[in-house]
Amino acid sequence: MSTLTLTSPYIIIDFDSTFTKVEGLDELAAIALANHPQKDEVVGQIRDLTDKGMNGEMSFAEGLRQRIALLSANRSHIEELVAYLRGQVSDSFLRNRQFLTEHADTIYIVSSGFKEFIVPVATELGIHADHVYANEFLFDEEGNITGVDTNNVLSTDGGKIKLLENLKLDGEVYVIGDGYTDYQMKESGLAQRFYAFTENVERDKVTAVADHIATSLDDFLFDNKLMRSQSFPKSRIKVLLLENVHPAALRAFEQEGFNVEFVKGAMDEDELCERIKDVSIIGIRSKTNITKKVLENAPKLMAIGAFCIGTNQIDLEEAAKRGVAVFNAPYSNTRSVVELAIGEMILLIRNIVPKSNQMHLGKWDKSANGSFEVRGKKLGMVGYGSIGTQLSVVAEALGMEVYFYDEVEKLSLGNARKVNSLDELLSISDVISLHVDGRKENTNIIGKREFDLMKDGVIFMNLSRGHVVDIAALADAVKSGKVAGAGVDVFPKEPKTNKEAFESELIGLPNVILTPHIGGSTEEAQENIGHFVPAKLLEFMNNGSSYGSVNFPEVQLPKLKDSHRMLHIHANVPGVLAKLNQIFADNNVNVNGQYLKTNEHIGYVIVDISKEYTEEFIQSLKEIEGTIRFRMLY
């Protein structure tokens, strides 16, 4: 038996703030009273009456009568409301349109709202019109709303209970709603379960009496093993975003229905070990370290997003062994770093910083001494990756001679020339710029010896990683005049938040530009990263694709069609694929597509299978020796 073909119960769904994100009558009032001089006051009164009714704080019938009296609406306003409500259907209902359509015979809308605006919206998602039970307006000859049909049981106190009694449904009845009147159907004994729906609004008095809290329709469907658009209810998946990543990332996860926690600062190891215990996805920048100890305290963690270029702050090997995929943004902020490097280079070689500081003190020093053009100067780059190559092109356009040193063989762009050693690069360059990664082997690659090899009066810049330069040696080189100017954006020890003090031996030195690790911190770069990294994480979570991961076997997968997708992460040992295939054969499960990729530590098998299978089949897959992590996507 498939995990998605269990018999569906009868499902009673509220409309306002459940099927849709808003209260229909409140929105009708806002439309009808748009030009009313006391619009805000009257609409506020109506909303207050709605809340009191939903919380069980007043007679529903009396609240309804008072709201209608305040309304002053007609049929034309209802048409506007319907158009508005079509764009306000709850996200999880839109995602599960197929379920609503295929189970329409067992789904009912029971609402204290009004048929006139509910039926046109609900039927577009597959609900049968004759399964919509709601109040009905009374109109005069001009189409003005004059009242409500009092013969309809839903206009009375306890109306939903009376309506459910009249339906005489034979079987299990589950109610989904945000109001106290929805709970009363369970309280009366006519329904077996009440789900407090909190996707749009959460009422404490309602959640307190609920059998379950459904943060989305997916949550409800998951609890009851019913067909759904999401193989797991994303509202139960916690995402932790640290270090004030761009709001675009927050929106991306929230729009998908994830439970997101947003923190402005970084966290130290002990704090992170505590906070990460129930986290499935974490997003960080450069100050947060994901160590082995942190990973040991993250049993639910599935993916890490580095909202930056570097990943040296993450134990990539340990993450891979635990089946945790890591994604970064290798290109999204490269232009921002390059522009800062070019800008600092020009300011430093022109000796602008000291002159600017003197001007602020009222001193006028109009002199060309110590000021030079960048044209014709030799730029030496340590590291020739995505930033180095872009810097190379821009610098050459400014008329500079470009040289680079990289341990990995790289194809040079334009007229850039590779030198054979770091020592050679340091000895010939007028301007030196570092663009290396943060691996431990790069610690203090530039120290006293390296500064001694440089030309007198060299311009030195580090916009890569703080620990790659011996800061004390750089300070001495500046004081001695060996280094005529320095631009430093990264430091061995950096404050975790803006409130912490910054300390460095470089403070106060002449012609030294110090910036607080902002090489990639432009609005454009951070927004690009805010879109790029979540897209990779969501693709991995929703589709299983690991393309772009820095520690995981890279697999780019097609969209899932008419199948269920099995994702099996295991230790890279012989025989796992054979065991998987044997289990498929033993259980007569048809394979529609199969993908396998391995790296040094793990194997990643993705299998698209037919929708018919048993729980025992799934359990067998999980019990294969060497299994690290297993999940299914629908």
Side-chain angles (χ1 to χ4, degrees), residues 11-36 39-40 42-47 49-51 53-54 60 63-101 104 107-149 152 154-155 159-160 163 176-179 181-182 197 199-201 217:
I11 303 172
I12 307 297
I13 303 174
D14 182 37
F15 185 77
D16 297 307
S17 295
T18 298
F19 198 96
T20 60
K21 301 175 183 178
V22 295
E23 292 287 329
L25 203 60
D26 294 357
E27 300 303 324
L28 180 59
I31 292 170
L33 299 169
N35 299 315
H36 194 284
K39 172 195 169 185
D40 293 341
V42 177
V43 172
Q45 291 176 5
I46 292 175
R47 293 191 193 279
L49 290 167
T50 299
D51 286 338
M54 292 298 99
F60 169 78
L64 181 61
R65 185 192 66 75
Q66 291 184 35
R67 285 187 289 164
I68 294 297
L70 291 166
L71 193 57
S72 299
N74 61 35
R75 289 188 186 276
S76 64
H77 297 132
I78 294 175
E79 292 174 4
E80 289 185 53
L81 175 64
V82 169
Y84 174 71
L85 291 179
R86 286 189 172 114
Q88 294 297 316
V89 175
S90 296
D91 295 338
S92 63
F93 278 81
L94 287 173
R95 286 196 297 268
N96 289 285
R97 183 192 299 260
Q98 184 179 353
F99 172 81
L100 298 174
T101 300
I107 296 175
Y108 294 82
I109 300 287
V110 176
S111 172
S112 301
F114 290 81
K115 277 189 176 183
E116 286 82 0
F117 58 75
I118 295 176
V119 170
V121 176
T123 52
E124 289 186 355
L125 267 73
I127 305 297
H128 297 324
D130 60 355
H131 278 207
V132 175
Y133 292 89
N135 283 297
E136 295 177 76
F137 290 119
L138 296 178
F139 301 89
D140 62 18
E141 292 182 357
E142 285 75 36
N144 296 313
I145 296 174
T146 59
V148 59
D149 180 6
N152 188 324
L154 288 168
S155 69
K160 291 187 176 182
L163 187 281
I176 307 172
D178 65 286
T181 56
D182 302 309
F197 190 80
E199 183 173 332
N200 305 308
V201 62
L217 183 58

Donor + acceptor pair across side chains of E199, S90 (<3.5 Å): no

Without hydrogens or angle criteria, can the side chains of S17 and E23 be said to hold a donor-acceptor pair below 3.5 Å? yes

Separation of [Y] [atom2] from [X] [atom1] (nearest 0.5 Å):
X	Y	atom1	atom2	result
F15	I127	CZ	CD1	10.0 Å
I176	I12	CD1	CD1	9.5 Å
I145	L71	CD1	CG	5.0 Å
T123	H131	OG1	NE2	13.0 Å
I109	I11	CD1	CD1	10.5 Å
D91	K21	CG	NZ	4.0 Å

Between [X] and [Y] (side chain of the first, backbone of the second, donor and acceptor by atom type, cut-off under 3.5 Å), is there such a pair?
X	Y	value
N200	T20	yes
N152	A134	yes
N144	D140	no
T146	L138	yes

Would you check if L81 and H77 make a side-chain contact, meaning some heavy-atom pair closer than 4.5 Å? no

I want to check something: taking the side chain as every heavy atom from C-beta on, are F197 and D14 in contact at a cut-off of under 4.5 Å? no

What is the minimum heavy-atom distance between [X] and [Y], and which atoms define it?
X	Y	result
V132	A122	CG2-CB, 4.4 Å
A32	S72	CB-O, 3.5 Å
F93	V89	CB-CG1, 4.0 Å
R75	F139	NH2-CD1, 3.2 Å

If you apply the rule side-chain contact (heavy atoms from CB on, under 4.5 Å), what do you find for F137 with I68, and how did you get there? CA-CA 9 Å; F137 290 119; I68 294 297; 3.8 Å; yes

Go through S111 and D16 one step at a time and tell me if the side-chain contact (heavy atoms from CB on, under 4.5 Å) criterion holds. CA-CA 7 Å; S111 172; D16 297 307; 3.9 Å; yes

Using side-chain contact (heavy atoms from CB on, under 4.5 Å), reason through F114 and L25 one step at a time and then give a plain yes or no. CA-CA 8 Å; F114 290 81; L25 203 60; 3.9 Å; yes

Tell me whether the count of non-hydrogen atoms from other residues, nucleotides or ligands lying under 6.0 Å of CD in Q98 goes above 12. no

So if I apply the side chain to side chain contact (heavy atoms under 4.5 Å, CB included) rule between N135 and each of V148, I118, D149, which one comes out positive? V148

Those residues that, when tested against E124, pass side chain to side chain donor-acceptor pair (under 3.5 Å) (two or more places apart): R86

